[in-house]
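Just so we're clear, the structure is a prediction, and the values are computed from it rather than from any experiment. Numbers restart at 1 for each chain; the letters A, B, ... are given by sequence-line order, proteins then strands.
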Amino acid sequence: MELRAVKGMNDILPDEIGRWQRLEAIFRRTVELYGYREVRTPIVEPTQLFVRSIGEATDVVEKEMYSFQRHDNELTLRPEGTAGAARAYLEHKIHAREPVSRWYYLGPMFRGERPAKGRYRQFYQAGAELYGEAGPLCDAEMIDMLARFLQQLGIEQVEVLVNSLGGPATRLRYRQALLDFFTPRSAQLSEDSQRRLEKNPLRILDSKSPHDQALCAEAPSILDVLDDEDRAHFDGLLAHLDALKTPYRVDPRLVRGLDYYTRTLFELRGTGGELGAQNALGGGGRYDRMIGELHGPETPCIGFALGLERLLLAMAPAPETSPGWVYVAPLGAEAQREALRLASELRSAGIEARVDGRGQKLNRMLPRASNSGARFCVIVGEGELARGVVALKDLQAHAQEEPPRAQLVQRLREILGGEATR
RNA sequence: GUGGGUGUAGCUCAGUCGGUAGAGCACCGGAUUGUGGUUCCGGUUGUCGCGGGUUCAAUCCCCGUCACUCACCCCA
């Protein structure tokens with residue numbers, strides 16, 4: 001094989017697609033119950049959009065973007081969904097049309113990282129954004145929506161972490177507090193964290209080194225440096241979550257890798273074994289300053305994104321449920337033409353049908369029918385043609401009957417309908 | 001970018017202390033001129049990832065390389 005898929009980009013074959021479609025359907029159904037509506041934005045955006053919104057100094061922008069030049073435009077395959085949605089929100093002046101907007105999206109994102117379990121260069125995210133509401137009520141409701149979604153998926157082993165980063169001033173104050181704390185102790189930090197100390201001290205809190213973790217336990221907490229308004233927002237969030245009975249855990253050391261977050265921050269962390277090291281199922285937070293920084297009107301926003309591959313790893317494998325389709329087995333040339341007409345009628349009646357066109361013996365077609373997962377096999381041969389009937393075999397029940405050809409659809413409906421109401 | 005693991009049939013893998021390969025599953029045909037998931041018989045499928053070195057001889061040993069994979073970094 002000389003031509004293969006690009007590293008880190010995978011095919012999703014038909015035998016896996018059922019799980020994807022189920023996941024996506026549950027996502028859509030859940031968020032639509034909260035009033036969210038889908039938005040579809042381009043996969044390619046101006047590079048500057050991501051530089052300005054995600055932050056120039058983040059890893060995503062610095063070294064992971066798929067950027068290219070086309071004529072005179074600097075373009076990038078989107079590494080996440082929030083920036084494009086914000087651009088669309090601004091471009092279409094949605095803020096002037098309605099005070100509050102609830103949008104969701106679903107689709108591929110691209111980051112040039114080294115692939116690992118649950119992490120790919122083309123990966124799929126589902127996310128939602130809420131524009132125009134600043135209060136903690138919608139923060140709590142969004143987290144509750146995520147909890148409901150995971151529950152619908154049957155993912156039990158998950159933890160909801162919440163934190164507040166405060167506003168920009170708080171964030172600067174906290175950054176300084178961390179510098180003051182870690183700089184005299186930098187010798188005790190891991191190599192990675194020493195680098196973080198210079199670049200982005202907040203990320204030290206995220207370190208997986210046990211030694212760093214122990215040190216972080218003594219570091220100042222951001223919750224202690226929140227100003228009064230930040231504090232009131234955070235307390236409000238927790239009170240609303242309590243009222244909703246949404247389980248959560250406050251983690252003052254929760255930080256995330258994108259620069260745009262302010263105040264509320266949350267993350268869903270899988271605790272099951274399937275996930276490996278990539279246990280962040282999704283996360284998000286408030287980004288009240290982004291629209292303003294993109295030269296729009298100051299608009300409070302909150303959003304999240306979920307990694308679909310990781311959710312699939314965490315999901316219990318659900319049994320495929322199919323109402324049962326029909327395998328049509330014709331014996332002979334005349335029967336084949338009749339089989340085509342029969343299958344066509346079945347489809348018109350909304351029943352899935354496939355005709356065996358390989359023209360073989362019955363004792364070859366029947367095993368194929370069973371192995372292919374068909375519920376019924378309809379056999380058409382000379383005898384049936386002559387008598388104006390078909391042989392209808394229920395492969396599951398090992399039963400066979402011979403309804404008149406004209407009554408086949410009706411008979412199948414009876415069998416399937418009888419089960420549906422049971 | 002860093003470190004580890006693995007590359008043998010469509011799939012899962014075995015194997016050769018160095019003598020150019022096997023099993024199960026799958027697929028195809030027959031037992032059975034029209035009745036299945038079982039059984040029996042037979043059959044097809046391989047540049048042993050790629051390149052080089054050592055050797056009379058390399059799938060096996062050595063070096064390189066590529067791919068996949070896991071972890072780190074970062075993130076979903």
> Ignoring hydrogens and angles, are the base of B:G34 and the side chain of A:Glu384 linked by a donor-acceptor pair under 3.5 Å?
Replying inline: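 It does, because a donor-acceptor pair links the side chain of A:Glu384 to the base of B:G34 below 3.5 Å.
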>> With a 3.5 Å cut-off and heavy atoms only, can you find an N or O donor on one side and an acceptor on the other between the side chain of A:Arg364 and the base of B:G30?
In response: yes
Polar atoms only, N or O, under 3.5 Å: list the protein pairs with nucleotides 36-43 of chain B and their distances.
{"from": "B:G36", "atom 1": "O6", "to": "A:His398", "atom 2": "ND1", "distance (Å)": "3.2"}
{"from": "B:G36", "atom 1": "N1", "to": "A:Leu395", "atom 2": "O", "distance (Å)": "2.8"}
{"from": "B:G36", "atom 1": "N2", "to": "A:Ser370", "atom 2": "OG", "distance (Å)": "3.1"}
{"from": "B:G36", "atom 1": "N2", "to": "A:Leu395", "atom 2": "O", "distance (Å)": "2.9"}
{"from": "B:G36", "atom 1": "N3", "to": "A:Ser370", "atom 2": "OG", "distance (Å)": "2.8"}
{"from": "B:G37", "atom 1": "O6", "to": "A:Leu395", "atom 2": "O", "distance (Å)": "2.3"}
{"from": "B:G37", "atom 1": "O6", "to": "A:His398", "atom 2": "NE2", "distance (Å)": "2.8"}

>> So that I know where these two stand, are A:Phe376 and A:Trp325 an aromatic pair - ring centroids less than 6.0 Å apart?
In response: no
>> Before we go on, tell me: are the rings of A:Tyr104 and A:Phe27 under 6.0 Å apart, centre to centre?
In response: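 Yes, close enough.
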> RNA chain B: A:Glu80 or A:Gly381, which has the more 5' nearest nucleotide?
Replying inline: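 Mapping each residue to its closest nucleotide by heavy atoms, the 5'-most match is A:Gly381.
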Watson-Crick or G-U wobble partner for [N], using a 3.5 Å limit on both distances?
| N | result |
| --- | --- |
| B:G10 | B:C25 |
| B:U65 | B:G49 |
| B:A57 | none |

> With under 30° as parallel and over 60° as perpendicular, where do the rings of A:Tyr260 and A:Tyr287 fit, or are they tilted in between?
Replying inline: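 Plane angle between 30° and 60°, so tilted.
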> In chain order, what residues pass the salt bridge (Lys or Arg N to Asp or Glu O under 4.0 Å) check against A:Arg405, with sequence neighbours excluded?
Replying inline: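 For A:Arg405, the residues satisfying salt bridge (Lys or Arg N to Asp or Glu O under 4.0 Å) (neighbours in sequence not counted) are A:Glu338, A:Glu345.
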What's the closest nucleotide to the [X] side chain, out of [options]?
| X | options | value |
| --- | --- | --- |
| A:Arg195 | B:C28, B:C73, B:A76 | B:C73 |
| A:Arg114 | B:G34, B:C73, B:G3 | B:G3 |
| A:Arg111 | B:C68, B:C75, B:U35 | B:C75 |
| A:Asp192 | B:A76, B:C73, B:G34 | B:C73 |
| A:Ala280 | B:C72, B:G34, B:A76 | B:A76 |

> Should A:Lys361 be listed as having a side-chain N or O under 4.0 Å from OP1 or OP2 of B:U33?
Replying inline: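 Negative; the distance criterion is not met.
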> Do A:Asp139 and A:His233 have a side chain donor and acceptor closer than 3.5 Å?
Replying inline: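 Yes, A:His233 and A:Asp139 have a side-chain donor paired with an acceptor closer than 3.5 Å.
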